[in-house]
**Q** 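Dumping the structure here so I can ask a few things about it.
In what follows, chains carry the letters A, B, and so on, assigned in the order in which the sequence lines appear, proteins first and then strands, with residues in each chain numbered from 1.
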Amino acid sequence: MKKVVDVCTRVEGHGNIKILLQKDEISSVNFDLEIFRGFENILLDKRLIDTPRIASRICGLCHASQTIASCKAIESMYEVEPSNQSVLLRRLLMIGELIRSHSMHFFFQAFPDLFVILDKQPKPLSLNELIHFDPKLTSNMYELIKIGNEIGNLFGGRSVHLITPIIGGVFFSPSKKEINIARKYLQNSINNLKWIIERFQEIFSQFDPPDVYSLPNPAYMGMHNDEKYDRYNGLLRLAQNNKIIADFPVYKHSQYFDKQEDIRGIDFYLKNNQNILVGPLARYKIINDYGIDELQSYIGLFNKEWQNSILFSNVIRLIEMMFVSYEGLSILDDTELTQKNDIRPINFLRNNEGLGMVEAPRGTLIHYYHVNKKRLIDKVKLFIATEINLPIIDEILTTQSQKLYERTGDFNQIKKQAQMIIRSFDPCISCATH
Amino acid sequence: MDIYSILSHPFRRRVLLLLDKEGYIPYTDLMDRLGLETTGQLNFHLKKLGTLINKDKKSYFLTEDGKRVINLMNIDKKILAGEDIEYLDKVGSEINRVGVIICKCNTEISNLISINALENYIKRIPNVVAVKIFDNLCQEKNLEKITKWSKDNYLNKIVIAACSPKTHLHIFERIFDGVIDKVNIEIANIREQCCWVHLKEPTLALKKAQILVEAAVERVALQKDVQVKTVKIEKSCAILGGGIAGMTLALSLARAGIKVYLIEKSPTLGGKIARWSKIYGMGDCSICLMSEMIGEVVKEKNIEILTNTEIEKVSGEVGNFSIDLVKKPRYVDEKKCTGCKRCIEICSIEKSNQYEFGLTPRKLIYIPYVQSYPYAPVIDQEDIETCRQCRICERACNNNAIDLDQKFEKIRIRVGTKVIAIGADFYSELKPYNYNPQNDVIISPEFERILSADGPTEGKILKLSDGKPPKSISIIQCLGPFDYLAEYCGTLAIKYLESIYSQLPDCKINIFFDLNKIKKSTGFMLDPSDERFHYYENIEIIEKGNKKIIISDSEQYPSDMIVLNVNFVPNKDLKELRKTLDFTLDDHGFMSEETLASGIFGVGSIKGPLDYNSVISSSNDVAIKIISLLSNDYLITEFSGIEIKEENCGLCGLCILSCPYNAITIEADKIAIDKFKCKGCGTCVSVCPTNALDLNIDTTEKILKSIEVFSKFNLRPKIIAFCCRSCGYGAADEAGLKKLSYNPNIFIIKVPCTGRVDTSLIFKSFKLGFDGVMIIGCRKDSCRYINSVDQVRQKVKLLNEVLGPIAENRIIRKSLSAVEGNKFAEIVNSFYERLSEEIKNET
Amino acid sequence: MKPSFLIESLTSCSGCISTMISLDIFPQFLEKVNLVRCSFMRDENNISENDIALIEGCVSEEKQIDILKNIRSKSKRVIALGTCAAFGGMLALSTVKEAEPISNYIEIDGIIPGCPPPSKLLGNCIIRLLENKEIILPEKNVCVDCEFRTDNIESKFMKRINKLMPREYNLDIENKDKRCFLERGILCLGPITRDGCESKCIKLNLPCDGCMGPIKNDFTSNAINFLSTVNLAKGLRKYKGIFYRYSKPKTKR
């Protein structure tokens, strides 16, 4: 058995591509996370009150989702519903986070690859070429990153590892001024995104995405709220081929997938052993409609080949950013937002276990805690998007590498292709190595 | 002469170089050569060069001294040539020329370890420029040689590898007086803490001695300049407490020309003895004696009497204290009052008289007792509101002496020393003995009042219950918390025997002694064959009807009157006073003299249960000490304590919380330290989370460096011991003096107080490979720095809770007194065994 | 000649790098430097000679030690970016993983603390690095800027500290009389934490969490020194969540 290892670049965190060869044939190609941080261990013996801010440190990109999922899990243990205002603020924080995370990934990690994949250029854009490729694109992307960042600053106290989301709500009551600033930011965000999507379409839509990137018909999983896009509140849906496999509340997740403590990886119990894909694309696929005509018309610009390719998630990411910007604007118009801060008291622990689910930028995120008699956490399960996606990433990596190996036998090409496949999934290694 | 301050300026270096090259250079030439434009500048530098240059009629030239400097500096030619100016001018860069003296200690050291090997090792330590070996440094022979050696080598720092600083540091400081600053003398204790305790292991002892010297060199190299403080001595003394001890001392001092402030908390002088019937063996009644003494005190012009006065705040230091006093209102003007007592007669409200132990009632306005001074009525603070509603006395006074609206008066005095003479309290947990004066179970001070001519029974021995003379009296001796006999209890018993016998010859007297206490006492014991004396193991007082019966080891003694001869216990005000005045307490809670800070003294029964004679003689001793201290005009001391870097202070206040002396304050967003109050224990440094605080001599840097150097010792298990300089280090020395051997793998770091030890020092030791950490400090109630030892206890406790077994197995904290060398050795050895065992188990 | 930078992440959440990317000055930074390695944004992944290496994340794997040593040998200055690299970080709370600051293995030339580093501080530090100057960090603790600071030390430290957050067990979260958290019995790590974060948590009425790390010594010793002087409730005395937050002392022999 022979092993070839290559370090993943232009991803968030440290990962490797591991190619296993058996008798001159590629037996498997894995996306290997190498490090494992053990947040399930870190959270053990912690007080619930302390948990959200520790959980936040799981990821520096989807920190808000981690914090909020953690808060939600604990709130379900206390059977406490945060006030409407708090929910609105949480949604805003998740919107900021999503814009920041998607724009960083799109610009620095995914975008340079598209030139190789679609335009058959020999090399992806270097960092220098990237920032000088189209100054307006660059400045628009920077601005988007900044907008995401500033929304965190405005409503979360700071941009990463937010301060204000606590158990029982969001400890903050925005002023009119802050809301106006945020509104301006989100309007800018929509304008920028319109320009970017059109530019994207201009550059790439005439190409068809190669087969390598087409999805092997996975089961998409995501949250929806009454058939509408929602990342904070709703049911989980599994869907394949536009057919709903199941709609279930999060506490029934163990019928479909679960996780054993202390063991990495998630077990899936789907009938046909399909792989599950979560993330922006899945969120779209389970409802197939953002409910905003403008966005649907952008989607219509891309043909079926595009829509069945993982590369389409890049488009979806841009469109999703735009969607949440609209969503944000409507939240900002809500008068409840400026009300006096109302944090729900947490006095009686009603359940000794709880689940909290949100849709993080990279997909479904579930926190599960169980406390002992001393009210210290003694069981933790964290379901994290990238971890859910790992089997499908590995499947595509293996089949496509085998094909390429048969054709060329060139490991450099295999590595390059594998890199690009991995990046197109936007894996968050920090999260996955939680 | 500090050669380096002379050479610190490039101009001066160039002058020397030029003169060395050319011999003679005229003034104007020098100016041109140096490129100077004003004569002032050149004059300044020439003056600074001092004895290194001289001038004939026209030109400047190098003196012998100057030539020697040039020769010596050959190695440092670069510096002289000005090439390395930056190095010299860099802020905080200290030039270290360390000389090491090895004392053979009359073969005590040289018999065990090879002095040559030690010398060779030392020579290789950076910063060491010269090593000298002496046979016996402390005999102060060849002093010129030592001085010359250090001057010739331009030493500015000295390390002495010899005996403990506790025994000889002062002698060494005297030897180098005027040559090397005190702070730049460091001692490597290679006798008590190395050679004498590792007699069986000469190789390891040598290795350890080498490391000890190296650490001392590194420490002294890190020493920076220290401010010197001169205090003008205030020729006055504050005495707190106007009892027999305070007054005796006040008279002695006043007669020696020292201004005395006699400060008494109660409204009258006299203390406890004034209310005694008589003093045993003096033949005189005590009130007569006291009134005579009060008379003398009042007569003395140098004594200012401040009754009804309490101390509020003390600042300053020995030689110059500033004390803020509060004089409580007496509500009667002592000067206007004639003592006619009209006011007392007219007053209609009564309460029990605390000066008669509640035996008799008194009016709200009252004179404590007949011989009180000042002889003027007084109203207690607690009663004033009631009085203000009545004011009848105010109207009754013919002299307008009564002023019920008198205010508190603040007084500030400056004194050179302060004395505490507030006496002791009586043991008061008397419930088990059915104490009840109304039922004739009384305590000794009450019996004293019964015996006194001015007391409630006018001196007749009568039962307080019915006013009839008792037919039998029992005296139970020495009731109190301590398991020893107080000497005066015995004298008291004899005094009572005599007094009772003279009044009531037929009265049956029984005196009961506690056998348990006698066993532990070596001193005074009354004749056991006398039938009146009973020795008991257990005693009980029961009441049958209206009779009181003492059951002493199953025998019954009916008694009409029972006198509980109570022991002295520490004054309850002591704990409060410790916050303003710094002194320490002994094991029983009395003031301990051994560890008094300078400039503060204690006399009388504050130091324990003393009888009259001991009180007088201790007062006289203290008087001599004070007179000799105040006979100087100035005290010159180096400030050793805390230095603050304001730019690093975040004003969190943790230091204020930890300071045992309240020496640190935050005012107007600024932290400040009262250098007079600071005693340099370093407890604040241990909690300061920024770099705002450090000791100026025992710096953190030095402690860390020591740990680092000690970690070079490569045998395991390695132990580091933080010993406080008063007790822990003393105990280690004591082990050496007794030549008790313990394992060489232990390295002792002297800290001012174990309160200085902070958790990071412990972690640092672990990180550098030490297996165990010992913290040896004073005993809890006798900490040199009030409660600092308790603070390290808290840290270790929390550390144990946080780290669990790692800390519990590897950190020990013990309290030793400086004479418990054997315990020290035991602790080291058992700790060593334990750690070895652990290491074995690990591998 | 542009200064060359290397950005490396070890075991981390990538929050420090993402904070850096979101800085206002980041576009200019990219223009002004030659980025030799940064796996977040670049494909080339060799450790080559560079002027300044910014390292994010703690050391938790053996393999990282070699990378670190390699970086040290190729870099003129090595700066620890963020609390993980500087002190060990949140991973120190783990009982199975080691989380060590990079300074345990290589000499470093400075730290930029914070979890994540506050934007203003990080921006200033990067500007100074670009100018090839020393990093300047605040040397005081969080109390200095605290609007609830009181000089009444007695009242501040005498209360029994039994809560981690204002709303544990009660709802006194508004703090209308602007009292110090410690005075209210709430654990605030402000005294032992470096200033520089503009005390954002405190301004939002939440106690300091200590994310900027200590000014001197290590976090755990400071916490023990600090908390041994106050009246800390029994439940919190054994709560490792406080003492190992952001760093853990090395006690191995």
**Q** Taking every heavy-atom pair that is under 4.5 Å apart, which of B/Ala692, B/Cys688, B/Ser765, B/Gly804 has the most such pairs with chain C?
**A**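 It is B/Cys688.
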**Q** Side chain, backbone, both or neither: which part of C/Arg149 has a non-hydrogen atom closer than 4.5 Å to chain B?
**A**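 When you check distances to chain B, only side chain atoms of C/Arg149 fall under 4.5 Å.
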**Q** I need the residue from B/Glu647, B/Gln791, B/Lys764, B/Lys718 with the largest number of non-hydrogen atom pairs under 4.5 Å to chain C.
**A**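 Sorted descending by pairs with chain C, the first entry is B/Glu647.
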**Q** Take B/Lys224 and B/Thr699 through the test side chain to side chain contact (heavy atoms under 4.5 Å, CB included) and record every step on the way to the result.
**A** CA-CA 10 Å; B/Lys224 304 213 166 77; B/Thr699 58; over 6 Å; no
**Q** Given a strict heavy-atom distance threshold of 4.5 Å, which part of C/Tyr239 is in contact with chain B: side chain, backbone, both, or neither?
**A**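 No part of it gets close to chain B.
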**Q** Please step through side chain to side chain contact (heavy atoms under 4.5 Å, CB included) for the pair B/Thr683 and B/Tyr785, ending with a clear verdict.
**A** CA-CA 9 Å; B/Thr683 310; B/Tyr785 299 103; 5.6 Å; no
**Q** Shorter than 4.5 Å, heavy atoms on both sides: which option in C/Arg194, C/Lys140, C/Lys240 has the most such pairs with chain B?
**A**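 The option with the most such pairs is C/Lys140.
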**Q** Where on C/Thr150 is there a heavy atom nearer than 4.5 Å to chain B: the side chain, the backbone, both, or neither?
**A**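 Contact with chain B involves no heavy atom of C/Thr150 at all.
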**Q** Under 4.5 Å from any heavy atom of chain C, what part of B/Leu803 do you find: side chain, backbone, both or neither?
**A**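 For B/Leu803, heavy atoms of backbone and side chain both lie under 4.5 Å from chain C.
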**Q** After noting the C-alpha distance and the side-chain angles of C/Phe157 and B/Ile656, does the key distance pass the side chain to side chain contact (heavy atoms under 4.5 Å, CB included) rule?
**A** CA-CA 10 Å; C/Phe157 289 120; B/Ile656 299 177; over 6 Å; no
**Q** Tell me, with the steps shown, if B/Ile707 and B/Ser711 meet side chain to side chain contact (heavy atoms under 4.5 Å, CB included).
**A** CA-CA 6 Å; B/Ile707 301 177; B/Ser711 71; 5.6 Å; no
**Q** Under 4.0 Å between a Lys/Arg side-chain N and an Asp/Glu carboxylate O for C/Asp66 and C/Lys69?
**A**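 No.
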**Q** Heavy atoms only, distances under 4.5 angstrom: which of C/Glu139, C/Arg237, C/Lys238, C/Met158 has the most pairs with chain B? Name it, please.
**A**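 Answer, by heavy-atom pair count under 4.5 Å with chain B: C/Arg237.
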**Q** Report the option among C/Leu227, C/Ile215, C/Leu232 that has the most heavy-atom pairs separated by less than 4.5 Å from atoms of chain B.
**A**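 Top option by heavy-atom pairs under 4.5 Å: C/Ile215.
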**Q** Who among C/Asp218, C/Ile224, C/Asp145 has the most heavy-atom pairs with chain B under 4.5 Å?
**A**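 With the most close heavy-atom pairs to chain B, the winner is C/Ile224.
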**Q** Is any side-chain N of the basic residue among C/Lys133 and C/Glu131 closer than 4.0 Å to the acidic one's carboxylate O?
**A**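 Salt bridge present between C/Lys133 and C/Glu131.
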**Q** Contact between C/Leu81 and C/Ile79 at the side-chain level, heavy atoms closer than 4.5 Å - yes or no?
**A**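 Result no, sub-4.5 Å side-chain heavy-atom pair not found.
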**Q** Between C/Asp195 and chain B, which part of the residue has a heavy atom less than 4.5 Å away: side chain, backbone, both or neither?
**A**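 Neither part; nothing is under 4.5 Å.
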**Q** B/Leu657 versus chain C, heavy atoms under 4.5 Å apart: side chain, backbone, both or neither?
**A**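 For B/Leu657, backbone and side chain are both near chain C.
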**Q** Please flag which part of C/Pro191 lies under 4.5 Å from any non-hydrogen atom of chain B: side chain, backbone, both or neither.
**A**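 Both backbone and side chain.
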**Q** With a 4.5 angstrom heavy-atom cut-off, could you sort out which part of C/Leu182 is near chain B: side chain, backbone, both or neither?
**A**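 C/Leu182 has no heavy atom closer than 4.5 Å to chain B.
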**Q** Taking the basic N atoms (NZ, or NE/NH1/NH2) and the acidic carboxylate oxygens, is any pair closer than 4.0 Å for C/Asp109 and C/Arg72?
**A**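 Answer for the salt bridge query: yes.
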**Q** Checking C/Asn104 against chain B: side chain, backbone, both or neither under 4.5 Å from a heavy atom?
**A**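 Only the side chain of C/Asn104 comes within 4.5 Å of chain B.
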**Q** Salt bridge or not between C/Lys97 and C/Glu61? Use side-chain N to carboxylate O under 4.0 Å.
**A**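 Here C/Lys97 pairs with C/Glu61 in a salt bridge, since their nearest N and O are under 4.0 Å apart.
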**Q** From the options B/Asp694, B/Asn691, B/Leu695, B/Asp758, select the one residue that forms a side chain to side chain contact (heavy atoms under 4.5 Å, CB included) with B/Thr700.
**A**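 The passing option is B/Asp694.
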